[in-house]
Amino acid sequence: MEYNFKEIEKKWQQRWVEQKTYHVVEDENKQKFYVLNMFPYPSGAGLHVGHPLGYIASDIYARYKRLQGFNVLNPMGYDAYGLPAEQYAIQTGQHPEITTFQNIDHYREQLDKIGFCFDWDREVRTCDPDYYHWTQWAFQLMYESYYDNDLRKAQPIGQLIKHLEEKGTEGLSAAGTEELKLTAEEWNAMDEKQKSDTLMNWRIAFLGETMVNWCPELGTVLANDEVVDGVSVRGGFPVVQKKMRQWCLRVSAYSQRLLDGLDTIQWTGSLRETQRNWIGRSEGTEVEFNVADSDKHFTIFTTRADTMFGVTFMVLAPESELVAELTTADHKAEVDAYLEQVKKRTERERMIDKKVTGVFTGSYAINPFTGEKNPIWVSDYVLAGYGTGAIMAVPAHDSRDYTFAKHFGLPIIPLIEGADVSEESYDAKEGIVMNSPRPGVTPYIDFSLNGMTIKEAIAATKEYVESHKLGRVKVNYRLRDAIFSRQRYWGEPFPVYYKNGIPQMIPSECLPLLLPEVDKFLPTETGEPPLGNATKWAWDEQKKQVVENSKIDNKTVFPIELYTMPGFAGSSAYYLRYMDPHNKTALVSEKADAYWKCVDLYVGGTEHATGHLIYSRFWNKVLHDYGYSCVEEPFQKLINQGMIQGRSNFVYRIKDTNTFVSYNLSKEYDVTPIHVDVNIVQNDVLYVEAFKAWRPEYATAEFILEDGKYICGWAIEKMSKSMFNVVNPDMIVERFGADTLRLYEMFLGPVEASKPWDTNGIDGCHRFLKKLWMFAFDKEGNLRCNNPESTKEELKSIHKLIKKVTLDVENFSYNTSVSAFMICLNELNQMKSTSKEVLEQFVVLLAPFCPHIAEELWEALGHNTTVCDAQWPVFNEEYLKEDAINLTISFNGKARFQMSFPVDADNATIEKAVLENPQSAKYMEGFQHVKTIVVPKKIVNIVLKKA
RNA sequence: GCCGAAAUGGUGGAAUGGUAGACACGAGGGACUUAAAAUCCCUUGGCCAUAACGGCUGUGCGGGUUCGAGUCCCGCUUUCGGUACCA
């Protein structure tokens with residue numbers, strides 16, 4: 001009986017569905033384990049072999065945990081809102097929902113063939129109203145909250161309003177866009193609109209003015225990669241930097257908690273480091289500078305307070321409000337021209353083209369330490385969004401200031417002993433301070449840093465600044481608030497309407513606010529986002545429902561927000577929804593949340609390091625502050641699966657002919673390499689007939705072969721359609737079966753490593769399964785392995801496997817596990833006969849990797865339950881004990897021969913035996929024995945020195 | 001520039017500081033077969049040597065620690081990721 005994987009896999013996939021094998025319910029008697037994959041965006045291209053890599057790895061772990069008795073949650077769903085579906089809709093007019101659902105069906109079909117243990121009853125789709133109900137709900141929760149810096153958590157905005165009414169901003173400790181100063185009287189005197197605008201300064205979800213790439217012709221905001229050379233990629237229209245009112249999330253308020261949380265979770269060091277850098281905590285000092293001949297003053301932020309004595313000029317960011325304030329009348333024209341020039345350059349251009357530009361404002365700032373007047377410049381190398389948007393420039397010890405100073409001929413004062421600043425700045429934070437103050441200069445203040453190390457100088461300056469009220473110690477974060485709105489159609493609508501320009505929340509009992517139908521997915525002629533095309537998009541306050549736009553009267557019926565939410569909105573809390581996906585009254589019930597708590601193992605790519613994985617952690621923290629999510633960090637352990645690269649094949653066409661020459665002969669001709677579809681190549685040998693049929697122009701192709709074969713060249717490239725190197729998992733399943741695919745994907749190498757997909761090696765894994773089949777069954781299909789007693793040898797072999805696989809699965813070293821299976825099978829095969837017990841254990845160990853064949857064998861072994869409910873075998877050291885130990889004898893570290901000893905031989909006995917062994921004499925000749933090192937069970941090293 | 005990861009045969013990759021190259025692919029040779037497929041056996045880092053045993057060398061480069069280093073330390077080179085005027 002042959003190993004008929006097609007029949008076996010079909011049979012078990014059906015049975016799993018019928019028996020609801022993977023359906024999971026909360027069970028207080030069992031310990032939970034939550035495995036999660038980053039859910040996919042269902043693109044039209046379908047899955048390639050790279051996608052399932054992580055799914056297989058997590059599936060193995062989920063199945064393993066279940067065999068160990070855990071109640072395992074392993075759900076799957078779709079991140080269904082997104083740009084490609086919308087782009088397709090714009091081109092074809094087809095509703096994105098239709099294409100999205102088609103793609104989801106295709107994904108499901110592909111996933112089902114691989115035999116995952118997903119509980120499909122818990123599937124979520126971000127575009128499903130029952131799902132985005134809770135995305136909208138969370139948005140409203142954030143809108144109704146502010147972040148209390150003292151309590152370090154989100155609080156209802158009502159508390160802040162109460163505070164303002166009673167004390168104004170006095171004693172208020174809330175994370176805000178700016179530091180506002182208001183008295184209670186001022187607040188209470190505000191009208192509704194003013195109050196609403198003011199509260200935006202503190203709300204966690206808020207309307208804010210942010211800089212965006214605005215394309216007036218297209219009427220939309222563009223992402224940086226949609227803009228090249230200041231014009232839009234699509235259409236070539238000019239793009240300007242513009243401040244726009246956008247919904248934002250106050251992610252920055254959580255900077256410190258996002259940073260602290262990293263120490264509590266088991267993520268790879270590099271990923272945590274990436275997030276740390278992204279958050280970018282920097283401890284520094286804010287120092288106030290007075291403007292000369294004026295009562296104006298402004299604040300700068302620096303991490304190098306020790307360089308106060310080396311300041312030679314000041315720089316403002318072009319977008320800073322200070323520019324207008326500090327520019328003198330006679331410099332206004334020049335500054336305005338410069339600002340205009342900067343405005344035209346996109347942020348991207350500023351990054352790529354780093355030419356030094358800037359202009360003098362005409363004003364001077366007085367250095368509070370030296371009393372010197374430093375000119376105030378404007379330059380785009382200073383960013384408005386970080387610190388205070390203004391810096392003190394110390395050209396001697398900051399490379400950017402140095403470049404600027406050299407370009408405009410500004411003075412450079414070195415402050416570190418021995419630092420040579422004639423060619424470049426000295427940026428290192430090492431050395432002894434000098435020139436602070438400079439010798440011979442009359443001291444302006446009674447303060448000196450000379451002779452200190454930089455560290456000491458920074459600390460001393462901080463102390464001085466604070467005690468003399470010249471500024472304050474300040475921690476800054478690089479992390480910015482997230483822009484949360486998009487001028488797109490295919491996304492979650494905001495549950496917001498505008499009453500006299502004041503945003504109002506749609507009542508929570510009216511959620512979800514459904515995405516309206518539109519007939520065009522492009523922005524309207526007036527530049528409104530696509531939702532402006534909806535005819536039924538107004539809110540009737542009395543009826544509490546969506547009504548036609550024509551009914552807008554601005555008394556009871558009002559326009560609804562036209563923006564939609566960005567991609568990360570739906571993916572920020574989906575792991576909570578899986579816990580309780582059908583709940584109509586809450587994102588997740590308290591009970592389900594208390595049981596599943598958080599994701600124990602999260603598997604996905606590193607590309608989400610600074611996006612999803614930050615937003616999701618932020619989102620969960622807000623929910624946690626209100627008790628909706630009981631654990632602060634949502635993802636305890638994170639594994640990053642590597643990218644699967646493509647392995648492209650090439651054929652070599654001799655120039656100006658239709659003749660193709662085999663790889664090893666191609667050097668002798670003038671050839672053009674051409675990508676060829678890897679699916680008509682096997683082991684780098686081209687199927688010539690298939691190639692001729694591939695494209696009409698190759699039908700008459702001729703070939704120069706080597707050894708009767710056409711050998712293709714190859715290269716490792718990204719897996720993509722245009723390189724014809726996309727390998728589809730369905731094809732592999734069709735040819736080799738899902739179990740082989742699963743085994744091979746794991747065998748390729750460590751899960752975390754990026755590696756090329758090379759179908760060439762898959763035979764080995766398929767062969768292993770065939771061998772296993774023939775090992776278990778004879779030609780008639782009878783089970784061969786039915787000895788009632790296991791031999792010592794068998795037990796040793798299987799327990800070696802149990803030990804190895806258990807350890808490997810825990811460490812995600814699946815590739816070495818696969819090898820261990822192969823070795824064990826070979827050993828068992830050589831023993832000719834095998835007991836039922838040993839085969840059973842083998843099958844259970846294999847079940848997480850190759851569930852279909854495992855089920856089939858499990859059934860053949862006489863079980864009427866599925867192998868998923870078996871028990872993971874327990875490793876017993878007893879069986880691995882050796883009768884004798886083999887030691888490698890080495891001389892000065894060079895291994896020479898082997899000797900056998902009883903297990904209980906002591907070191908002295910071993911040393912004596914080795915030295916007396918006649919073989920040793922040969923290696924010891926002319927040497928003197930120094931000492932002997934015995935490494936238990938491994939090696940004996942005789943240390944010698946020349947006699 | 002900065003941060004991170006890596007570098008081992010023809011290929012993918014194994015090696016708690018202890019015989020480097022497990023396992024698999026590919027390649028070569030052989031068995032079975034009318035033949036092919038499938039299957040099985042042998043060889044397979046390099047160099048030298050042989051009837052046979054064997055010897056030398058070898059984990060990107062240069063140093064170091066150690067009885068012993070692919071592994072640890074110092075200094076480079078290269079590759080791949082991430083990030084970018086963050087004061």
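Chain letters run A, B, ... following the sequence lines, proteins first, then strands; residues in each count from 1. This is a predicted model, so every value here is computed, not measured.
- Here, rG60(B) and rU79(B) have their C1' atoms 10 Å apart, quoted to the whole Å.
- Using cut-offs of 30° and 60° for the angle between ring planes, the Y814(A) and F849(A) rings count as perpendicular.
- Base pairing analysis places rG18(B) opposite rC67(B); the two distances defining the Watson-Crick or G-U wobble pair are each below 3.5 Å.
- In this model, the phosphate group of rA87(B) is approached by a side-chain N or O of Y386(A) to a distance below 4.0 Å at OP1 or OP2.
- Partner assigned to rG12(B) is rC23(B), using Watson-Crick or G-U wobble distances below 3.5 angstrom.
- Counting non-hydrogen atoms under 4.0 angstrom, T888(A) reaches a base of the nucleic acid.
- If you check rA84(B) for Watson-Crick or wobble pairing at under 3.5 angstrom, you find it has no partner at all.
- If you take atom P in rC42(B) and the same atom in rC23(B), they sit 12 Å apart, rounded to whole Å.
- Atom-to-atom, NZ of K429(A) to P of rA87(B) comes out at 8 Å; the value is rounded to the nearest Å.
- Taking only side-chain atoms of F747(A), from C-beta outward, the nucleotide of rG18(B), rC85(B), rG12(B) with the closest atom is rG12(B).
- Comparing rC41(B) with rC67(B), their C1' atoms sit 42 Å apart, to the nearest whole Å.
- Considering only the side chain of T610(A), rU83(B) comes nearest among rC67(B), rA22(B), rU83(B).
- Taking atom C1' on both nucleotides, rA15(B) is separated from rU71(B) by 9 Å, rounded to a whole Å.
- The same atom, P, is picked in rU8(B) and in rG70(B); the two are 15 Å apart, to the nearest Å.
- At whole-Å resolution of the value, CD1 in I762(A) and C1' in rU11(B) are 16 Å apart.
- If you check every strand for non-hydrogen atoms under 4.0 Å, K937(A) touches nothing.
- Base contact: I933(A) has a heavy atom under 4.0 Å from a base atom.
- Atoms CG (L271(A)) and P (rC3(B)) sit 18 Å apart, rounded to a whole Å.
- A residue-by-residue look at S813(A) and V943(A) shows that S813(A) has its nearest nucleotide of RNA chain B further toward the 5' end.
- When each of rG13(B), rU57(B), rC3(B) is scored by its nearest atom to the side-chain atoms of N815(A), the top-ranked nucleotide is rG13(B).
- One finds no side-chain N or O of S270(A) lying less than 4.0 angstrom from the OP1 or OP2 phosphate oxygen of rG82(B).
- With hydrogens and angles left out, the side chain of K938(A) and the base of rU16(B) share a donor-acceptor pair within 3.5 Å.
- What separates CG of L748(A) from C1' of rG13(B) is a distance of 10 Å, to the nearest Å.
- Under the 4.0 Å criterion applied to side-chain N and carboxylate O atoms, E882(A) and K937(A) are not assigned as salt-bridge partners.
- Cation-pi geometry between R647(A) and W757(A) is not satisfied (NZ or CZ under 6.0 Å from the ring centre, within 45° of the ring normal).
- If you check rG58(B) for Watson-Crick or wobble pairing at under 3.5 angstrom, you find it has no partner at all.
- For the pair Q898(A) CD and rU19(B) P, the computed distance is 10 Å after rounding to whole Å.
- Taking atom P on both nucleotides, rU66(B) is separated from rC73(B) by 16 Å, rounded to a whole Å.
- Classification of rG9(B) as syn follows from a glycosidic angle within 90° of 0.
- Taking atom NZ on K800(A) and atom P on rA14(B), their separation rounds to 20 Å, with Å as the unit.
- Contact annotation: K931(A) reaches the phosphate of rC67(B) (side-chain N/O to OP1 or OP2, under 4.0 Å).
- Nucleotide rU34(B) forms no Watson-Crick or G-U wobble pair with any nucleotide shown, as no partner meets the under 3.5 Å limit on both distances.
- The distance from atom CD1 of I939(A) to atom P of rA15(B) is 19 Å, rounded to the nearest whole Å.
- In this structure, R617(A) is positioned above the aromatic face of W267(A), its NZ or CZ under 6.0 Å from the six-membered ring centre and within 45° of the axis.
- Heavy atoms only, all atoms of each residue included: V935(A) and L887(A) are closest at O-CD2, 4.4 Å.
- Candidate nucleotides rC40(B), rG55(B), rC25(B) were compared by shortest atom distance to the side chain of Y923(A), and rG55(B) ranks first.
- Across rA15(B), rC25(B), rU83(B), the shortest atom-to-atom separation from the side chain of R478(A) is found for rU83(B).
- With distances taken from any side-chain atom of A895(A) to the nucleotides rU19(B), rA24(B), rG18(B), the minimum falls on rU19(B).
- rC25(B) and rG13(B) are spaced 11 Å apart, taking the C1' atom of each and rounding to whole Å.
- Applying the Watson-Crick and G-U wobble criteria (two distances, each under 3.5 Å), rA7(B) pairs with rU77(B).
- When rounded to the nearest whole Å, the span between NZ of K718(A) and C1' of rG81(B) equals 14 Å.
- Below 30°, between 30° and 60°, or above 60°: for Y615(A) and F568(A) the angle between ring planes is below 30°, a parallel geometry.
- Of the candidates rA87(B), rC25(B), rA24(B), the closest approach to any side-chain atom of R767(A) belongs to rC25(B).
- Partners of R472(A) according to the salt bridge (Lys or Arg N to Asp or Glu O under 4.0 Å) rule, which considers only residues two or more places apart in sequence or in another chain, are E179(A), E286(A).
- Summarising the geometry of V751(A) relative to K755(A), their closest heavy-atom pair is O-NZ, 3.7 Å, with the distance given to 0.1 Å.
- In terms of position on RNA chain B, the residue among M822(A) and T274(A) whose nearest nucleotide sits closer to the 5' end is M822(A).
- Rounded to the nearest Å, the gap between the C1' atom of rU44(B) and that of rU78(B) is 29 Å.
- The side chain of S282(A) lies closest to rA87(B) when the candidates are rC67(B), rA22(B), rA87(B).
- Here rA15(B) is the nucleotide among rA15(B), rG13(B), rC67(B) with the atom lying nearest to any side-chain atom of T816(A).
- At a threshold of 4.0 Å, the pair D263(A)-R276(A) counts as salt-bridged, since one of the basic side-chain nitrogens sits closer than that to a carboxylate oxygen.
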